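Comments concern the structure below.
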Amino acid sequence: MPQAFFPEVPKKIVYGGPKSRNPLEFKHYDADALVGGKTMRDHLRFSVVYWHTFANPLGDPFGVGTAERPWDDGSGSVDNAQRRARMAFEFIEKLGAPYYAFHDRDVAPEGKTLAESHKNLDAVVKVLKEEQQRTGIKLLWGTANLFSHPRYAQGAATSPNAQVFAMAAAQVKKAMEVTHELGGEGYTFWGGREGYQTLLNTDMKRELEHLARFLHMAVDYKKSIGFQGQFYIEPKPKEPTKHQYDSDTAACLNFLRTFGLKDDFKLNLETNHATLAGHEMLHELTLAVDNDALGSIDANTGDPLLGWDTDQFPTDIYLTTHCMRKILEMGGFTTGGVNFDAKVRRESFEPVDLFHAHIGGMDAFARGLKIAHAIIEDGRLAGNLSQRYATWDGPLGQEIETGKVGFRELETRMMAQGDSERTPSGRQEMLENLINEYL
Ligand code: XLS
Ligand code: NI
Ligand code: NI
């Protein structure tokens with residue numbers, strides 16, 4: 001398929017180095033370059049999302065789509081979807097990303113019946129499979145869209161209607177099968193409309209139990225078909241519902257533990273969702289890593305002045321540095337990757353804008369990776385942290401941590417001493433400066 005859809009873009013986006021002024025070259029992402037003995041390609045495992053990049057017309061609540069997508073004839077036909085699949089692979093191949101991700105309904109149109117929807121999906125999956133084989137591009141994860149169709153307006157697995165739950169189950173079953181068929185390394189459950197608008201009409205306890213039942217069914221089915229991919233839950237606090245059940249890392253961990261699902265799921269963390277939850281991405285990442293639950297990331301960013309999920313491409317090096325620092329600290333991705341769940345602005349309507357956006361995101365993460373690696377090698381940040389907790393490694397701290405003492409012993413000790421010593425300075429500004437030394 002030589003250059004059918006993006007004639008203005010070279011066959012391959014190459015690494016031009018930091019001095020390059022070519023918008024269609026990488027300045028920092030050099031796939032084969034080694035960082036700490038591992039290639040950038042393997043560290044970052046970049047993934048392109050089908051929904052925003054290939055299937056989003058760029059509409060907003062005030063206006064229709066603006067995107068010029070010459071490969072799209074607007075018919076919504078299977079034929080059109082197959083052509084879009086070829087285009088998608090031309091794009092990903094030129095970009096040089098090793099992975100992609102999709103929802104069932106991004107790749108193929110929903111039919112009038114479930115059987116027709118399954119058939120449509122199979123017809124496009126055939127093309128996806130061919131293109132994966134042709135290019136070597138792999139599927140990071142698949143998922144099902146359980147939020148666009150009107151039947152899901154009041155939830156899918158958490159619908160007050162058991163019929164809707166059954167439809168969602170059938171849809172996820174099929175989406176898991178095609179993910180398995182395409183060799184997907186994971187499968188994501190984002191809550192979609194699993195949440196509520198008002199508690200006046202909602203039995204929250206029952207809905208959460210249904211969600212858990214649904215996920216247990218998914219785990220059972222996964223085992224029955226021999227699908228080895230990692231399951232992910234993707235936290236998000238609001239939008240589309242006022243309260244989403246999978247609101248943040250802490251809520252997800254609590255849910256997974258309560259319902260005996262912790263061992264079967266990891267988290268797919270998205271920066272913009274962290275912001276909406278009132279957390280920094282670093283908080284979400286840290287909590288996930290601490291609980292052995294970080295699987296993958298949806299790399300994007302919000303706008304600090306806007307309160308919704310703007311899903312912008314990440315350009316902030318501070319953010320990408322923190323992301324990569326946590327990922328390096330956990331020993332790198334296994335099944336996950338840096339998945340660009342991001343869309344170009346409505347004003348950026350030309351196909352070439354899709355390249356600019358991804359090149360910028362990949363460069364921002366490549367720089368984050370190099371900087372994070374250097375900060376870890378430097379060792380001062382980690383050294384400061386262990387120093388700050390040094391008393392916990394001493395006799396008193398160890399007695400407390402190992403449960404050798406209780407309130408009585410501690411009171412006796414402090415009575416004798418009169419007061420505790422003062423904790424040394426937290427050195428926040430010095431540490432912030434340390435990070436900036438590397439930016
Ligand atoms: C929406 C979510 C969605 C998931 C996949 O906000 O980020 O795109 O990543 O369903
Ligand atoms: Ni996402
Ligand atoms: Ni999002």
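Each ligand, and each atom within it, is numbered from 1 in the order the structure gives. Model, not experiment: these values are computed from the prediction.
With sequence neighbours excluded, the residues forming a salt bridge (Lys or Arg N to Asp or Glu O under 4.0 Å) with Asp122 are Lys174, listed by chain and number.
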Could you give the side-chain donor-acceptor pairs of residues 223-232 under 3.5 Å, partners two or more places apart or in another chain?
unit_1 : atom_1 : unit_2 : atom_2 : d
Ser224 : OG     : Tyr221 : O      : 2.8
Tyr232 : OH     : Thr335 : OG1    : 2.7
Tyr232 : OH     : Gly336 : N      : 3.4

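Counting just the N/O/S atoms of Asp309, the one with the shortest distance to the Ni ion (ligand 3) is named OD2.
Contact of the Tyr29 side chain with the Arg41 side chain is registered, since non-hydrogen atoms from C-beta on lie closer than 4.5 Å.
Ionic pairing of Arg325 and Glu329 is present here: one or more N-O contacts between side-chain nitrogen and carboxylate oxygen are shorter than 4.0 angstrom. A salt bridge links Glu130 with Arg86: the closest approach of a Lys/Arg side-chain nitrogen to an acidic carboxylate oxygen falls below 4.0 angstrom. With salt bridges taken as basic N to acidic carboxylate O contacts below 4.0 Å, none links Glu270 and Lys236. Between Arg45 and Glu185 there is a salt bridge, since at least one side-chain N of the basic residue sits less than 4.0 Å from a carboxylate O of the acidic one.
Ring centroids of His103 and Tyr50 are separated by 6.0 Å or more, keeping the two rings apart.
When the shell of 6.0 Å around CD of Glu68 is examined, it contains more than 12 heavy atoms from other residues, nucleotides or ligands.
Here the Ni ion (ligand 2) has protein N, O or S atoms under 2.8 Å from it, and they come to 4.
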Begin from the C-alpha positions of Glu90 and Lys94 and carry the test salt bridge (Lys or Arg N to Asp or Glu O under 4.0 Å) through to its verdict. CA-CA 6 Å; Glu90 183 194 329; Lys94 284 187 166 184; 3.3 Å; yes

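For ligand 1, the protein residues within 4.0 angstrom (heavy atoms only) are Trp51, His103, Trp141, Trp190, Glu234, Lys236, Glu270, His273, Asp298, Asp309, Asp341.
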